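Bear in mind the structure is a predicted one, so any value in this text is a computation, not a measurement. For the numbers below, each heavy atom of this structure counts, side chains included, while hydrogens, waters and symmetry mates do not.
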Amino acid sequence: MIQSPMPNIASRVYNHSFKLDPIVRSLLDTDIYKLLMLQTIWKEHSAVPVTFSLINRTKTVLLAEEIEEDQLRAQLDHARTIGLSKKELIWLAGNTFYGKERLFTQGFLNWLNEYRLPEYQLRVENGQYCIDFKGTWAEVTMWEIPVLSIISELRSRAALQGVGRFELDVLYARAKAKLWEKVLRLNELPDLVIADFGTRRRHSFLWQRWCIAAMKEGLDVKFIGTSNVLMAMDLDLNAIGTNAHELPMVQAALASNDQELLQSPYQVLQSWQRTYDGNLLIVLPDTYGSTTFLNNAPDWVADWSGFRIDSKEPIAGGEELIAWWQSKGQDPKAKLLIFSDGLTVDVIEQVYERFNGRVRLSFGWGTHLTNDFSDCSTKPNPQLKAISLVCKVTHANGKQTVKLSDNYAKATGPEKEIERYRSVFGQDNMDSQSVLV
């Protein structure tokens, strides 16, 4: 496959004069886990009414004071016009994902071929943009990644507006050198397995593409792919991803009593394995607390291929999983353990040294890969710093949704409902950690 050359990012930023330079260029400019989840949602829960909402966890950053509303609306409106191209549809239908051909059914692809992002609701409250997406679950879920990447890139554009050509050259040269030093450090880990998970809070589309290409060259076979479907297609890489918290959050909202609520995380897994198998059988245990999840898990969960540790301190989370597998008569060396939460090179090295050889170890590297411009500008520019921005399902089936998390700081939902969920699931081994991204 012939790949297009890397653009000069500094020149592109400096010469930016388009009325609308689209941030989202394709429906596939999203994470593969959105498509994987969408297929199961479309099959089993398509009509459940939901609301997704933008949540800025970095309260000190007032997005409405950094980003012009007309520019935000223009990007959101443009994203709503995009559908699958013929090339993209053929690639989805014919590509091999996780060693499997035709991972996406023809019926699902036919539906997706007609899909467009639905309407949104936008308002400003106390200097923050409040953006809600309401509709059926299958219609609304795909908004998550586009709205996050749009907000992130508009912040970057605002930060660099008026910056001179040579200053931009220096900024991006420093950022490239900084990333390359990270790549060289990571390449010292002989058994490293790592993928790009950085779409949601990237500095920009072009910068993520540069980062992925640099990882591919610098790490060779240690770099196993990207979560971004479009870039996987364009750069001839594997599309890598699992599933996310929205599945158990919506399933919990469908529960009619506390016992069904307690069992809802395992109902999600049963639904998932009706569609997927192999290395796609990855458990995300922390929605309502990892320790509670493991203590109540049916024995068959231990047969799944692996776990992704998200909000728990990584060393503690890894040790807990290894001990649990051993208690279930499983060999941890045969299991996949994925780390993906706010990873820095320091954390990757620490986790690697602790668990390499004890499990099948993998890393999903996100914001610190695709949006780390600290100390790259010659002048203070706080808008270049990534923030903790998420888009979560906030209502489902007429109820407000809840995420407890292993980290109290990541809990979402109304306080009364959070307390009710904690009374059902407990709070074993939960704590409070800083949330940087």
Side-chain angles (χ1 to χ4, degrees), residues 6-16 21 23-24 29 56-63 65-68 71-72 75 145 148-186 194 196-219 226-228 231 340-348 363-390 434-437:
M6 289 292 111
N8 185 313
I9 301 175
S11 295
R12 284 285 294 269
V13 173
Y14 182 79
N15 294 323
H16 174 75
D21 187 7
I23 293 172
V24 178
D29 185 14
N56 180 10
R57 297 189 295 214
T58 308
K59 303 297 185 184
T60 56
V61 172
L62 302 179
L63 291 172
E65 295 183 4
E66 292 189 346
I67 299 170
E68 294 183 15
Q71 293 183 5
L72 175 56
Q75 295 292 343
I145 306 302
L148 293 176
S149 58
I150 285 170
I151 293 284
S152 293
E153 183 158 347
L154 285 177
R155 287 192 75 238
S156 299
R157 292 184 182 186
L160 299 176
Q161 187 173 9
V163 176
R165 180 189 298 272
F166 291 102
E167 173 71 11
L168 287 171
D169 278 338
V170 171
L171 173 77
Y172 283 105
R174 288 179 172 180
K176 289 177 179 180
K178 184 176 184 178
L179 175 59
W180 193 248
E181 288 299 321
K182 293 179 182 181
V183 170
L184 293 178
R185 279 178 62 182
L186 292 174
I194 194 167
D196 157 55
F197 277 17
T199 299
R200 296 187 303 159
R201 290 186 285 267
R202 67 194 182 195
H203 171 80
S204 70
F205 175 88
L206 292 178
W207 180 247
Q208 183 186 16
R209 192 171 186 271
W210 192 94
C211 292
I212 291 171
M215 293 276 283
K216 183 178 181 180
E217 178 176 320
L219 295 177
T226 172
S227 63
N228 188 290
M231 297 194 189
S340 63
D341 183 33
L343 296 177
T344 63
V345 173
D346 287 343
V347 171
I348 293 172
F363 297 92
W365 198 14
T367 309
H368 290 290
L369 166 64
T370 61
N371 199 353
D372 183 6
F373 280 72
S374 59
D375 303 321
C376 292
S377 178
T378 60
K379 303 173 185 177
N381 198 336
Q383 282 180 268
L384 283 173
K385 185 177 180 179
I387 61 175
S388 184
L389 194 68
V390 295
S434 297
V435 179
L436 300 179
V437 293

Partners of Glu65 by side chain to side chain contact (heavy atoms under 4.5 Å, CB included), sequence neighbours excluded?
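Side chain to side chain contact (heavy atoms under 4.5 Å, CB included) check on Glu65 returns Leu62.
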List for me each residue that meets side chain to side chain donor-acceptor pair (under 3.5 Å) alongside [X], sequence neighbours excluded, and say none if there are none.
X      : value
Ser204 : none
Thr370 : none
Asn371 : none
Gln383 : none

Check ring-ring contact (aromatic ring centres under 6.0 Å, His included) between Phe373 and all other residues, then give those that pass, not counting sequence neighbours.
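Applying ring-ring contact (aromatic ring centres under 6.0 Å, His included) to Phe373 gives Tyr172, His203, Trp207.
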Between CD1 of Ile212 and OG1 of Thr199, what distance do you get to the nearest 0.5 Å?
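Nearest 0.5 Å value for the CD1-OG1 distance: 6.5 Å.
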Mind checking what makes salt bridge (charged side-chain N to carboxylate O under 4.0 Å, His left out) contact with [X], not counting sequence neighbours?
X      : value
Asp375 : none
Glu167 : none
Arg174 : none
Asp372 : Lys178, Lys182

Donor-acceptor pair, Gln75 side chain versus Ile23 backbone, under 3.5 Å?
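It does hold such a pair.
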Just wondering, do Leu389 and Thr58 contact through their side chains at under 4.5 Å, heavy atoms?
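Result no, sub-4.5 Å side-chain heavy-atom pair not found.
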